[in-house]
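Proteins get letters first, then strands, A, B, ... in listed order; numbering begins at 1 in each. Scope of the values below: all heavy atoms of this structure, side chains included, with no hydrogens, waters or symmetry mates.
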Amino acid sequence: MGKRRYRYAPSPTGVLHVGNARTAIYNWLLARHYESTLILRIEDTDKERSTPESEKAILQDLKWLGLDWDEGPDKGGDCGPYRQSERGHLYEEYQHILLQKKRAYYCFCTPEELKQQREELLSQSLMPQYTGRCLKYSESQVKIFLNQNKPYVVRYHVLPGDPVIVHDQVRGDVKFERETIGDFVIAKSDGGATYQFACVVDDALMKVTHVVRGDDHLSNTPKQLLIFEDLGFKPPVYAHLPMVLGIDRKKLSKRHGAVSVGEYKEKGYLPHAFLNFLVLLGWSSETEDELLEKERLIKEFTEKRLSRSPSIFETGKLDWMNGQYIRKLSLEEFYQSELSFIEKEYDLKRMDIKWLKQVLAVLQTAVVKLPDICKELEIFFEDRFHLSPEVKKEFQNEDFKKVLIGLKEFLEKSETSDFEVIKKSVSEQTGAKGKNLFMPLRLAITGQKHGPELSLVVPLLGYKNLKKRIEHTMKELGL
RNA sequence: GUCCCCAUCGUCUAGGCUGGUCUAGGACACCAGGUUUUCAUCCUGGUAACAGGGGUUCAAAUCCCCUUGGGGACGCCA
């Protein structure tokens, strides 16, 4: 058995969507698991909608996820070019073979005629496939039309015969009667190949052995199988993945919220957390473990445990997963991941990096999504220190006031930011303890009811800031 | 409409191929309790599902059929 060749073939007509990203991830995982080749092919046969920007963006998103490939437009390889727009001559070549073998024919029907035929069939409760109307033209008649420059497309002609069986790694054998297939277009009126045709020629010429793609292609597969056969190529092994749907069980779209990889990057999810989450949408580990590092995924991922039913893209678990991965990060990794998000709201240049890292260490368990850090960071910056009316109200409590005054007096005579010392002294002086001691201290020092342990926060604030904050608090309370 | 696919807790899923060990397991979310000065983290516990009907069988979540529901395809989109 030779080396397998997998491929991921995106259309550069927009951003990378989560469903497509999952397909890419599965192909990548399979290729790496079987120590095989992964080809990246750009399917830009739709000249209207394909753009170089979109291709670039998709490649970027794939890389962000941590994927790589062995052959592709940016990598080269023996089976290039890897953009369908650059392979027109190949499609033409094979189109001629089909035409010559009479397995394809010219169709001169106009879009209006096609539409009419379609409606007619539909009204008769039939599958609206092409009627084969242009099959009736003799060779000489076709020549006349061609000489007249009559617009045409080339259609593949499906002959009657045995049912076409798709041997699918996730579905099993799926049978399609030939009558239900209908003659489909392989060359558009501008001469360009359609997806159906380009896909077959490329998969054959690129020696692809395994095609893993969305379920929406399952009913297209018999068509492709027919072409493979007529062209004398051996078809690849197929695996059709169930769709990823929105919460309403409809096709995932923008109205479901964020559905592109880029959006999740911006929201502050770790690439591997997002990848891990996506992998579990349609696949499970034999161990039922869910937090799986890259190495384990590659080791355990096979087509055998792919699920057959569609899954709903619901990101609740993603948040939990992201938090888990954030907590696993080393301090340095956490710092690096957070940098770009902190930068958006704070002036990094004026910060001591060593101090910032210490602060981050204290906050690591409080972050679910990377940008959460900005809010958490607030208690460490003077310009963000303020007392909300709610906090002020807390100080109507006389015991709280007493602690505040005790703290102020202590700081005036002792220059320390050791929380243990502060706590002990204030407690002794005021007699407060437990919640009645900690809460007023927390409120006076951070201005917040909640936050990390004071014993960690206070030293990071330092004596000067501490004193400033107490004075600020006293002033705001009019004491 | 026709063809094809799918159907286990709210969500992701295990189990189904090779019926009994499934009074259906795990995870997220949710609820309760514990830890913590508070919040977060962490720990413990709980609520919650085999779409419906028929069959096969001593026995069905597991096999078969039907119904229902959902999705996809039927494009000079991919």
In whole Å, what separates the [atom1] atom of [N] from that of [M]?
N      : M      : atom1 : result
B:rU11 : B:rU68 : C1'   : 23 Å
B:rG15 : B:rA73 : P     : 29 Å
B:rG46 : B:rU37 : C1'   : 29 Å

Indicate whether OP1 or OP2 belonging to [N] is found under 4.0 Å from a side-chain N or O atom of [X].
X        : N      : result
A:Gln324 : B:rC42 : yes
A:Arg178 : B:rC3  : no
A:Arg308 : B:rC5  : no

- Taking a pair as Watson-Crick or G-U wobble with both distances under 3.5 Å, which nucleotide is matched to B:rU2? B:rA73

- What is the base-pairing partner of B:rC17, counting Watson-Crick and G-U wobble geometry with both distances under 3.5 Å? none

Between [options], spot the one nearest the side chain of [X], thanks.
X        : options                : result
A:His450 : B:rU37, B:rU38, B:rG71 : B:rU38
A:Thr180 : B:rC5, B:rC77, B:rC3   : B:rC3
A:Trp320 : B:rC28, B:rA78, B:rG71 : B:rC28
A:Lys250 : B:rC4, B:rG71, B:rU13  : B:rG71

- Message: Just checking A:Tyr152 against A:Phe145, ring centres under 6.0 Å apart?
- Response: no

- Item | Interatomic distance, A:Glu314 CD vs B:rA29 C1' [rounded to whole Å] | 8 Å

